[in-house]
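Let me begin by presenting the structure, written as structure tokens, before commenting on it.
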Amino acid sequence: MSRASSHALKHPPVTPLSEPAGATPFPELAVAVEKQRRRGRGAQSNQSGRFEAEARVAFDDGWQSLDDLPPFKTTVSLDTSRKVITRNVSPDIGFDRSINPYRGCEHGCVYCFARPTHAFLGLSPGLDFESKLLAKPDAPELLEKELAAPGYEPRMIAIGTNTDPYQPIEREHKIMRGILEVLDRAGHPVGIVTKSALVTRDIDILQRMAKRNLAKVALSVTTLDPKLARTMEPRASTPPKRLEALRQLSEAGIPATVMVAPVIPALNDSEIERILDAAAHAGVKEASYVLLRLPLEVRDLFREWLMANYPDRYRHVFTLIRDMRGGRDYDSQWGTRMKGTGPMAWMIGRRFEIACEKLGLNKRRSKLTTDHFVKPKRSGQQLSLF
């Protein structure tokens, strides 16, 4: 008999959206992982992805076999994708192409809307998402080839819209820096979103690009409360480090934006004004916000985290979320998915706008240009005489 047993259930049940707080029709599917095994992680569990035919859960067979299970450690595998630029046609976002140097994210933000993408790999959107990572080491070379393609037309490339390009493993792999070097040489515009102060490592490249209106950076500051940040975003940079990164970027002449994202009602929405004020004092001139999004598995992962860390706020938080999502936990409708609807969503939007007005934020929006773009020379291509 194996030291660690597991049960496999075919066609794992899905909790209905209308399920009351804390209820689950199958108690045996409570897949919370012991605290010491997931120390430093955001998710509480590691339930199988939605595409799997079987759901495997740890089961105590009476021989204390669960005591022998190892803690979750970060592993990095190679992503062998042949292309690195991803296209989208979403009408409510300001870009049509993006790059993700990594799949999965070690920051472990429990609310991350990218978690469900790990299910496409046969992995869990829970702890697997933040511990079983995939890297694209040849991303810079692939990017150069795609930029050199005959029919390529330049437009801003967004990086960090799915998983964070400056998550901890970037210190070793330096894929993001390689991508920036390619974009710098080609004169191609880029917009970066991150929660990591590691972005300051690349100020030398970003500063050169910013002088030609080719780069801008947005840092997400979710809270100024160190305890909440540590619990909710366990391996992301601390709030003071993110504010310091915004200061360094601003002083270097790189357009920097603070993102109050996500705004979670009854948890961090009271900090909107304080975050904007701190960012403005760091030299930031632009700001934005995004309401909490709970697509697919993210809803249950966030629910588990909330019950484990803030059980007294659980019902209030979800009541307000549903008030802003038409009575549901999430509404993916274009145009409203980022801001929500209803009186509470309206109030959050007005508070944000008033605070920005008082602080002089968003008076002018930085614009990137494609005027400097030069196609990289393809291997074997004859050089021009002029």
Side-chain angles (χ1 to χ4, degrees), residues 21 42 107-113 193-195 218-234 236-247 256-294 298-299 301-331 336-362:
H107 281 163
C109 304
V110 70
Y111 52 74
C112 181
F113 65 84
V193 179
T194 182
K195 286 186 177 70
L219 261 86
S220 172
V221 181
T222 316
T223 178
L224 298 180
D225 180 346
K227 181 181 178 181
L228 176 58
R230 177 69 173 172
T231 306
M232 190 164 58
E233 309 160 332
S237 295
T238 62
K241 287 185 177 180
R242 292 186 224 180
L243 291 171
E244 173 61 18
L246 286 169
R247 185 191 65 78
T257 298
V258 60
M259 295 181 64
V260 186
V263 174
I264 307 173
L267 196 62
N268 73 341
D269 62 311
S270 62
E271 296 187 69
I272 292 175
E273 292 82 0
R274 290 177 56 222
I275 293 172
L276 292 174
D277 182 68
H281 279 83
V284 171
K285 302 299 182 185
E286 298 181 39
S288 65
Y289 80 96
V290 179
L291 192 65
L292 175 69
R293 297 167 59 188
L294 297 175
V298 184
R299 180 204 61 177
L301 289 168
F302 181 73
R303 173 184 288 173
E304 291 171 356
W305 176 87
L306 201 56
M307 284 296 294
N309 294 281
Y310 297 93
D312 56 324
R313 303 191 197 186
Y314 175 85
R315 291 185 181 278
H316 188 38
V317 169
F318 266 88
T319 295
L320 294 175
I321 287 173
R322 289 165 182 159
D323 285 346
M324 294 187 286
R325 297 295 187 187
R328 291 170 285 185
D329 293 328
Y330 181 56
D331 181 2
T336 60
R337 58 179 177 163
M338 306 293 186
K339 307 297 183 183
T341 59
M344 183 67 179
W346 181 89
M347 183 179 68
I348 288 174
R350 299 299 76 73
R351 285 175 53 201
F352 175 84
E353 291 175 354
I354 292 170
C356 286
E357 181 68 24
K358 288 182 178 179
L359 295 167
L361 299 175
N362 295 335

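Between Lys241 and Glu244 no salt bridge is recorded (no basic side-chain N to carboxylate O distance below 4.0 Å). Taking 4.0 Å as the cut-off between side-chain N and carboxylate O, Glu357 and Arg350 do not count as a salt-bridged pair.
In this structure, Arg303 is positioned above the aromatic face of Phe318, its NZ or CZ under 6.0 Å from the six-membered ring centre and within 45° of the axis. Judged by the 6.0 Å distance and 45° axis criteria, Arg293 is positioned over the aromatic ring of Phe113.
For Trp305 and Tyr310, the ring centers sit closer than 6.0 Å to each other. Here Tyr289 and Phe352 bring their ring centres to under 6.0 angstrom of each other.
Judged by distance alone, the side chain of Asn268 and the main-chain N or O of Pro262 form a donor-acceptor pair under 3.5 Å. Distance alone, capped at 3.5 Å, places no donor-acceptor pair between the Arg274 side chain and the Leu224 backbone. Within the 3.5 Å criterion, the main-chain N or O of Arg322 finds no donor-acceptor partner in the side chain of Arg328. For the pair Thr257 (side chain) and Ala287 (backbone), a donor-acceptor distance under 3.5 Å is absent.
For the pair Ile321/Arg325, a side-chain contact is recorded, criterion being any heavy-atom separation below 4.5 Å from C-beta on. Under the 4.5 Å side-chain criterion, counting only non-hydrogen atoms from C-beta, Thr222 is in contact with Glu233. Side-chain contact between Leu219 and Lys195: absent, with no pair of heavy atoms (C-beta onward) separated by less than 4.5 Å. Looking at Val263 and Val290, their side chains never come closer than 4.5 Å, going by heavy atoms from C-beta outward. Annotation: side chain of Arg351 is in contact with side chain of Asp269 (closest heavy-atom distance under 4.5 Å). Proximity of Met232 to Cys109: side-chain heavy atoms (C-beta onward) are nowhere separated by under 4.5 Å. Residues Val221 and Val260 have side chains not in contact (no heavy-atom distance under 4.5 Å, counting atoms from C-beta outward).
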List the steps, then state whether side chain to side chain contact (heavy atoms under 4.5 Å, CB included) holds for Glu353 with Leu361. CA-CA 9 Å; Glu353 291 175 354; Leu361 299 175; over 6 Å; no
Between Ile264 and Phe302, does the side chain to side chain contact (heavy atoms under 4.5 Å, CB included) criterion hold? Intermediate values first, please. CA-CA 11 Å; Ile264 307 173; Phe302 181 73; 3.9 Å; yes
Where do Ile348 and Met324 land on the side chain to side chain contact (heavy atoms under 4.5 Å, CB included) test, with the steps shown first? CA-CA 10 Å; Ile348 288 174; Met324 294 187 286; 4.0 Å; yes
Under the criterion salt bridge (Lys or Arg N to Asp or Glu O under 4.0 Å), I'd like the reasoning laid out for Asp331 against Arg337: C-alpha separation, chi angles, the key distance, then a yes or no. CA-CA 6 Å; Asp331 181 2; Arg337 58 179 177 163; over 6 Å; no
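Annotation for Ser220 and Arg242: closest pair O-NH1, 2.7 Å, computed over non-hydrogen atoms. Here the shortest heavy-atom pairing between Leu243 and Ala278 reads CD1-CB, 3.8 Å. In terms of heavy atoms, Val110 sits closest to Val298 at O-CG1, 4.2 Å. The two atoms that bring Val284 and Val258 nearest to each other are CG1-N, 3.7 Å, heavy atoms only. Closest approach of Ala266 to Arg313, counting heavy atoms only: O-NH1, 3.2 Å. The two residues Gly340 and Ala345 have their closest heavy-atom pair at C-CB, 3.7 Å.
Atoms CD1 and CE, from Ile272 and Met347 in turn, are 8.5 Å apart once rounded to the nearest 0.5 Å. We find the SG-NE2 distance between Cys112 and His107 to be 10.5 Å, quoted to the nearest 0.5 Å. Interatomic distance, Thr319 OG1 to Arg315 CZ, rounded to the nearest 0.5 Å: 8.0 Å.
Counted within 6.0 Å of CZ on Arg247, heavy atoms from surrounding residues, nucleotides or ligands total more than 12; the atom is thus considered enclosed. Environment of NZ in Lys339: crowded, with over 12 heavy atoms of neighbouring residues, nucleotides or ligands closer than 6.0 Å.
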